[in-house]
S.K.: 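Following this message is one structure expressed as structure tokens.
Predicted, not measured: the structure shown is a model, and the values here were computed from it.
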Amino acid sequence: MEGLQDHEQLLSLGLAIVIDSGRERKMKRKRRDRFLSLDTNGVSEGKIFSLLEIREIMLKEKKTGKGNIGADGEGLHLIHLLLTAATSLDENKLDLAIENLRKLYQNISLNGDSVQRVAAYFADGLVAKLLTRRSPFHAMIMKEPTPEDEFLAYMELYKVSPYYQFAHFTANQAIMDAFEKEDIQNKRALHVVDLDVAYGFQWSSLMQSLSDKATTGNHVSLRITAFGRSLEELEETERRLVGFAKTFRNLIFEFQGILRSNSSGLKSIRKRKSETLVVNSVFYLNSMCNFSHISQTLKSINILNPSLVVLVEQEGDRNPRTFLSRFMEFLHYYAAMFDSLDDFLPLNSLQRLQIEKNHLGKEIKRLIDFDDEAKSPKYERMETWKRRMESHGFLGRNLSSRALIQAKLLLKTNCHYCPIQFGGENGGFTSFEREEGNALSLAWQDKCLITVSVWQCAAERR
């Protein structure tokens, strides 16, 4: 019974609507009357309330599906409803959007196949976009997970899928290659500037690699300057990394946390004499949304004159400029992510539900319900980043054969049910080289998900 209660709590997305009889039914009518005067972008509050009642029923039901879009047409029908709802919303045909969202909620489930599940979160994002920020329903749908739940979801995805590991391990191997190349000049000192530390999971494996290169009498020094969203995140990350570093007697570790909102930012960083300086940007530059901010960040990085810049970004099929093109790009991307989870976790897995609700689903709703369309995040092609990096004074640098071999081994060890391939087609996860060897991409089947590329300053000033 306790497990069932936990499961129902996990399924709830914070929607405070009670569907019952008697006294609770009267309370529901009072709430509806109280909300009637609130602004909902010109949509009848009654229609919204009715739509969300169906959504609440969806959250409690346990539909199943075949997990294949083309199996019986069901998946294609759901995608059609979703795209029609998005198009109607974009064209301000709100009643039609609501009708398609109603049909969606009647045919999807957070426990169904990957198409049903991803459609549920995209439908939530559209409903949130349908409402104004003043509507209490908006806050209900967009309720953020607690920091603890968000951390656990990130950690679970990190453990079961090669998605984050591929990005981090490939980046770390490139960092190690740069460090070893300057072994004589740097006096065994490495300084990493991490533009988004994201719990610091990336750095434990780098510590291990550095320690393996050191000896008892010849220590290695690692300094991490980390940017984070909050003091709590930075303090927790520092505590975890400092504790892990203490397990290596031949590693000298130093951590400095900087709030991302700090106006001085990169300008406050000073390179110490003889250290190898590396800038690490994993899923960060795209999150800045504004190209002028990206440009200013790249200029500041160039002034630092690092030995290496590691860039990891989500990969897009095009340069989406409209709401609908971004919607379709995000849908294609996250459909692949949800589908890949079925290779690692069963449909009844609470672990999978936690990942999708508190990490992937949160991202989907935030991307769809973005305030300023012109500044919303975009998943762009590697070719776009290449032009951007080169225009800011960076040249591509080849990844080593060790990075390629490591990626191949990582995917092989993460194989569960679907075949894993390297440089091939179809199958599950695949990895392939890009841009004449200075980039490496991870794909699920035919959808490229992330690309790791490495860069150096075009002008040598060291």
Side-chain angles (χ1 to χ4, degrees), residues 11-19 27-59 81-106 108 110 118-146 150 229 261 287-290 320-331 334 357-358 360-378:
L11 279 174
S12 174
L13 298 181
L15 180 61
I17 295 177
V18 179
I19 301 176
M27 291 175 62
K28 183 179 72 175
R29 284 199 297 268
K30 289 181 180 179
R31 283 197 298 273
R32 179 187 298 178
D33 293 339
R34 187 172 73 250
F35 292 150
L36 282 176
S37 61
L38 296 178
D39 182 9
T40 53
N41 276 340
V43 182
S44 164
E45 195 75 40
K47 290 183 178 180
I48 294 295
F49 198 91
S50 176
L51 176 64
L52 295 181
E53 285 182 333
I54 296 174
R55 175 183 180 272
E56 178 71 3
I57 294 172
M58 179 276 293
L59 294 177
L81 288 173
L82 196 57
L83 293 178
T84 303
T87 302
S88 302
L89 181 58
D90 190 50
E91 295 175 350
N92 207 34
K93 299 175 181 177
L94 305 186
D95 287 341
L96 183 57
I98 290 175
E99 180 59 28
N100 280 278
L101 287 168
R102 179 193 300 273
K103 292 177 181 177
L104 263 173
Y105 282 139
Q106 290 172 339
I108 56 180
L110 297 185
V118 76
Y121 292 104
F122 273 88
D124 276 355
L126 289 176
V127 173
K129 197 171 185 66
L130 189 67
L131 304 168
T132 70
R133 297 296 191 272
R134 291 186 294 274
S135 170
F137 295 139
H138 184 276
M140 292 171 186
I141 290 178
M142 296 299 292
K143 183 179 180 182
E144 290 278 324
T146 65
E150 193 172 353
R229 293 173 294 178
S261 57
S287 70
M288 300 179 77
C289 307
N290 190 308
R321 299 182 182 276
T322 66
F323 168 70
L324 283 177
S325 63
R326 283 194 297 275
F327 185 89
M328 293 180 68
E329 179 60 44
F330 293 144
L331 179 58
Y334 283 97
K357 175 197 169 187
N358 295 325
L360 299 179
K362 177 188 73 95
E363 287 184 350
I364 289 170
K365 291 189 289 184
R366 178 181 60 84
L367 289 168
I368 300 305
D369 187 45
F370 206 82
D371 283 328
D372 190 337
E373 293 292 347
K375 296 181 179 180
S376 76
K378 305 173 184 66

S.K.: If I compare all heavy atoms of Ser88 with all of Ala97, which pair ends up nearest, and what's the gap?
M.R.: CB-N, 3.6 Å
S.K.: Regarding Arg229 and Glu150, does a basic nitrogen lie under 4.0 Å from an acidic carboxylate oxygen?
M.R.: yes
S.K.: Which distance, rounded to the nearest 0.5 Å, do you find between the CG of Leu131 and the CE of Met140?
M.R.: 10.5 Å
S.K.: Quick one: OG1 on Thr322 to CD on Glu329, what's the gap to the nearest 0.5 Å?
M.R.: 11.5 Å
S.K.: Rounded to the nearest 0.5 Å, how far does CD of Glu144 lie from CE of Met142?
M.R.: 7.0 Å
S.K.: Going by the salt bridge (charged side-chain N to carboxylate O under 4.0 Å, His left out) test, name the single residue among Lys143, Arg55, Lys357 that passes it with Asp124.
M.R.: Arg55
S.K.: List the steps, then state whether side-chain contact (heavy atoms from CB on, under 4.5 Å) holds for Val118 with Ile364.
M.R.: CA-CA 9 Å; Val118 76; Ile364 289 170; 4.2 Å; yes
S.K.: Which atom names give the shortest non-hydrogen contact between His138 and Ala128, and what distance separates them?
M.R.: CD2-O, 3.1 Å
S.K.: If you apply the rule side-chain contact (heavy atoms from CB on, under 4.5 Å), what do you find for Leu110 with Tyr121, and how did you get there?
M.R.: CA-CA 9 Å; Leu110 297 185; Tyr121 292 104; 3.8 Å; yes
S.K.: Determine, stepwise, if the pair Leu83 / Met328 fulfils side-chain contact (heavy atoms from CB on, under 4.5 Å).
M.R.: CA-CA 8 Å; Leu83 293 178; Met328 293 180 68; 3.9 Å; yes
S.K.: As an exercise, state the distance from CG of Leu81 to CD of Glu99, rounded to the nearest 0.5 Å.
M.R.: 9.5 Å
S.K.: Please report the interatomic distance CG(Leu104) to CG(Leu82), rounded to the nearest 0.5 Å.
M.R.: 5.5 Å
S.K.: Decide yes or no on side-chain contact (heavy atoms from CB on, under 4.5 Å) for Val127 and Tyr105, but give the supporting numbers first.
M.R.: CA-CA 11 Å; Val127 173; Tyr105 282 139; 3.5 Å; yes
S.K.: Do the non-hydrogen side-chain atoms of Lys47 and Asp95 ever get within less than 4.5 Å of each other?
M.R.: yes
S.K.: For this output row, return yes or no: ring centroids of Phe122 and Phe327 closer than 6.0 angstrom.
M.R.: yes
S.K.: Closer than 3.5 angstrom, by distance alone: can the side chain of Asn100 be matched with the main-chain N or O of Leu96 as a donor-acceptor pair?
M.R.: yes
S.K.: Which atom pair, heavy atoms only, marks the closest approach of Ile98 to Leu130?
M.R.: CG1-CD2, 3.6 Å
S.K.: Can Glu363 and Arg366 be counted as an ion pair, charged N to O under 4.0 angstrom?
M.R.: no
S.K.: Taking the basic N atoms (NZ, or NE/NH1/NH2) and the acidic carboxylate oxygens, is any pair closer than 4.0 Å for Asp369 and Arg133?
M.R.: yes
S.K.: Please round to the nearest 0.5 Å and tell me the distance separating atom CG of Leu101 and atom NZ of Lys103.
M.R.: 11.0 Å
